Colleague: 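Have a look at this one.
Numbers here simply count residues along the sequence, with the first being 1. It should be emphasised that the depicted structure is a prediction, and the values quoted were computed from it without experimental measurement. Just follow the structure's listing: the first ligand is 1, and inside any ligand the first atom is 1.
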Amino acid sequence: MLNEIVLVGGLIFVFTLLYLSFLLPSKMIGNDEDEKENSTKTGKGRGSGGGGDGVLRELSLTNGQINRMNKEEVRQKLEELHLETRGVKEVLKKRLKSYYKKEKLTPDVVGVKSEHYDFLLVIDFEATCMEENPPDFQHEIIEFPILLVNTETLIVEDQFHSYCRPTINPKLTPFCTKLTGITQKMVDKAPEFPQVLEDVLDWMSSKGYGMGHSRFAVATDGPWDMCRFLYQQCLYCGIPYPRPFRRWINVKKHFANFYQTRGGTKLQEMLASLGLQFEGKPHSGRDDAVNIARIAGRLIQDGCELRVNECLNNGRVEPVVPPRAKLASNN
Ligand code: AMP
Ligand code: MG
């Protein structure tokens with residue numbers, strides 16, 4: 001009898017585990033883009049009433065057809081529509097789906113509050129380093145580039161660029177120079193970080209930042225530029241962390257959520273998935289920023305809403321939740 005109870009109990013346990021393993025991953029790995037696409041597929045997006053249901057159903061059918069197409073078929077369709085044809089299969093499919101979505105859906109049908117920025121401030125710091133950075137290594141910013149990208153035209157309208165003279169480790173390692181292309185001479189004649197930051201904030205004001213007539217968002221490749229390099233640098237210099245850099249667009253995160261490629265999200269990998277080559281020298285701050293801007297531009301053109309998705313709170317990175325997800329979690 002005891003054996004039977006143990007056997008039945010064991011079976012229930014195994015079936016429960018199997019059931020959960022089927023059910024949970026699809027729920028747990030969900031992200032903004034899944035959610036948008038699913039609500040589109042099921043026609044349950046907020047604001048889908050008032051004639052939206054038919055459009056959503058139509059769009060769902062179109063998405064299904066695109067899912068069944070092979071890469072060459074999608075490429076040909078994009079060509080017919082005079083759209084970009086470079087990129088891996090997932091990128092091309094997402095591009096085509098986005099095209100139809102944009103054609104058919106008005107923002108009220110999608111039900112997501114749009115967060116529009118007029119300009120991106122694309123930033124990529126370079127810092128002092130060693131070949132094997134010890135865990136307690138104090139990185140100091142040695143290059144501070146910002147590209148001002150117009151989100152409408154995708155043109156880089158202006159740029160700020162300065163090297164910074166490090167003070168904890170004033171001598172660059174040969175490895176650092178080789179990696180970044182930044183020489184001892186370049187940093188020796190550069191101002192120290194506090195001065196560079198002042199120049200940055202002045203430049204941003206001169207571009208209309210904080211004046212209220214244009215909206216700006218900082219964009220970076222991952223959270224580290226802000227949460228590690230800038231945060232540590234400000235701590236070390238004893239200056240308050242600057243307000244404009246408290247929130248940013250993590251381009252890498254958007255890329256992963258939007259295209260869902262299998263190709264990885266290192267800068268070069270993202271470019272490769274888009275069928276693009278790195279322009280310039282990798283690990284040069286300015287060139288990295290140029291390439292991040294190219295990826296951001298591609299995301300915008302492919303219909304991704306590049307909203308602020310991360311912020312810094314007491315030195316810790318936190319996700320910034322979009323309005324709709326906030327509403328859903330409140331319900
Ligand atoms: P990145 O934006 O990828 O060029 O990296 C920013 C900074 O991270 C560099 O300036 C270095 O300080 C550090 N870093 C990046 N890659 C390496 C590496 N392979 N070894 C040591 N430090 C690195
Ligand atoms: Mg870089």
Side-chain angles (χ1 to χ4, degrees), residues 120-149 156 159-193 196-197 200 218-237 241 245 248-256 263-274 276-299 310 312 315 317:
L120 299 182
L121 296 162
V122 182
I123 298 178
D124 186 86
F125 295 123
E126 297 306 322
T128 52
C129 58
M130 299 167 75
E131 190 149 10
E132 300 282 330
N133 295 312
D136 58 346
F137 186 78
Q138 172 80 54
H139 290 282
E140 292 171 89
I141 294 175
I142 51 174
E143 187 180 0
F144 198 146
I146 313 184
L147 302 183
L148 181 73
V149 180
V156 177
Q159 53 180 291
F160 174 92
H161 185 271
S162 179
Y163 294 108
C164 311
R165 181 154 38 93
T167 55
I168 305 173
N169 293 301
K171 289 275 165 254
L172 300 184
T173 60
F175 173 80
C176 184
T177 293
K178 187 158 181 258
L179 182 81
T180 62
I182 300 169
T183 62
Q184 190 63 45
K185 224 170 160 186
M186 288 171 180
V187 292
D188 279 349
K189 58 182 185 198
E192 288 180 12
F193 180 79
V196 174
L197 183 60
V200 162
V218 167
T220 58
D221 175 31
W224 308 282
D225 288 84
M226 299 302 144
C227 77
R228 191 168 57 190
F229 297 130
L230 186 58
Y231 184 73
Q232 280 186 9
Q233 183 74 56
C234 290
L235 269 186
Y236 167 68
C237 292
Y241 187 87
F245 306 108
W248 62 88
I249 294 170
N250 176 339
V251 174
K252 195 191 280 301
K253 204 168 173 182
H254 275 295
F255 184 95
T265 54
K266 288 185 182 155
L267 199 41
Q268 308 238 26
E269 292 170 338
M270 291 191 283
L271 290 165
S273 290
L274 294 172
L276 304 174
Q277 304 255 324
F278 193 96
E279 274 177 16
K281 180 197 178 317
H283 302 295
S284 142
R286 194 188 337 231
D287 292 348
D288 282 352
V290 165
N291 287 284
I292 297 165
R294 290 168 73 211
I295 296 169
R298 198 60 260 168
L299 277 159
E310 279 180 347
L312 202 60
V317 178

Colleague: Using only N, O or S atoms, tell me which atom of Glu126 is closest to the Mg ion (ligand 2).
Modeller: OE2
Colleague: Does Asp221 bring an N, O or S atom to under 2.8 Å of the Mg ion (ligand 2)?
Modeller: no
Colleague: Tell me, which protein residue and heavy-atom name are nearest atom 8 (O) of ligand 1, and how many Å apart are they?
Modeller: Phe229 CZ, 3.5 Å
Colleague: Evaluate Arg228 for polar contact with ligand 1, using N/O atom pairs at a separation under 3.5 Å.
Modeller: no
Colleague: At a 4.0 Å threshold, what atoms of ligand 1 neighbour a non-hydrogen atom of Asp288?
Modeller: 1 (P), 2 (O), 4 (O)
Colleague: I need the Phe245 CZ to Leu197 CG distance, nearest 0.5 Å.
Modeller: 6.5 Å
Colleague: Check each atom of ligand 1 against the heavy atoms of Cys129 and keep those under 4.0 Å away; list them by number with element.
Modeller: 11 (C), 12 (O), 22 (N)
Colleague: Okay, side chain of Gln232, backbone of Gln138: is any donor-acceptor separation there less than 3.5 Å?
Modeller: no
Colleague: Please indicate whether Lys178 has more than 12 foreign heavy atoms, meaning atoms of other residues, nucleotides or ligands, lying under 6.0 Å from its NZ.
Modeller: no
Colleague: Please identify which atoms of ligand 1 are closer than 4.0 Å to at least one heavy atom of Thr180.
Modeller: 10 (O)
Colleague: Which ligand 1 atoms are under 4.0 Å away from a heavy-atom of Asp124?
Modeller: 2 (O)
Colleague: Between the side chain of Arg298 and the main-chain N/O of Leu271, is any donor-acceptor distance below 3.5 Å?
Modeller: no
Colleague: Is there a donor-acceptor pair under 3.5 Å between the side chain of Asp287 and the backbone N or O of Pro282?
Modeller: no
Colleague: Can a donor-acceptor pair be found, under 3.5 Å and without considering hydrogens, that links the side chain of Lys252 to the backbone of Thr265?
Modeller: yes
Colleague: State whether the side chain of Glu140 and the backbone N or O of Asn169 hold a donor-acceptor pair below 3.5 Å, judged by distance alone.
Modeller: yes
Colleague: Could you tell me whether any N, O or S atom belonging to Asp288 is less than 2.8 Å from the Mg ion (ligand 2)?
Modeller: yes
Colleague: Mind telling me whether Phe193 and Phe144 have parallel, tilted or perpendicular rings, with 30° and 60° as the class edges?
Modeller: parallel
Colleague: Counting non-hydrogen protein atoms only, what is the nearest one to atom 12 (O) of ligand 1? Give residue, atom name and distance.
Modeller: Ala127 O, 2.7 Å
Colleague: Hey, which of Val218, Thr220, Ile141 is the one that makes side-chain contact (heavy atoms from CB on, under 4.5 Å) with Asp225?
Modeller: Thr220
Colleague: What atoms of ligand 1 come within less than 4.0 Å of a heavy atom belonging to Asn133?
Modeller: 21 (C), 22 (N)
Colleague: Out of Thr128, Leu179, Ile141, whose heavy atom is nearest to atom 17 (C) of ligand 1?
Modeller: Leu179
Colleague: Just checking, is any N or O donor in the side chain of His139 or Gln233 under 3.5 Å from an acceptor N or O on the other one?
Modeller: no
Colleague: Got a second to check how far Gln159's CD is from Arg286's CZ, nearest 0.5 Å?
Modeller: 5.0 Å
Colleague: In ligand 1, which numbered atoms sit nearer than 4.0 Å to a non-hydrogen atom of Met130?
Modeller: 21 (C)
Colleague: Nearest protein heavy-atom contact for atom 18 (C) of ligand 1: which residue, which atom, what distance?
Modeller: Phe175 CZ, 4.0 Å
Colleague: Between the Mg ion (ligand 2) and Asp124, is there an N, O or S atom separated by less than 2.8 Å?
Modeller: yes
Colleague: State whether the side chain of Glu143 and the backbone N or O of Ser284 hold a donor-acceptor pair below 3.5 Å, judged by distance alone.
Modeller: no
Colleague: Is His283 close to ligand 1, meaning an N/O of one under 3.5 Å from an N/O of the other?
Modeller: yes
Colleague: Report, in ascending order of atom number, the atoms of ligand 1 lying under 4.0 Å from any heavy atom of Glu126.
Modeller: 1 (P), 2 (O), 4 (O), 5 (O), 6 (C), 7 (C), 9 (C), 10 (O)
Colleague: Numbering the atoms of ligand 1 from 1, which are under 4.0 Å from a heavy atom of Phe125?
Modeller: 2 (O), 6 (C)
Colleague: Is it the side chain, the backbone, both or neither of Ile142 that has a heavy atom closer than 4.0 Å to ligand 1?
Modeller: neither
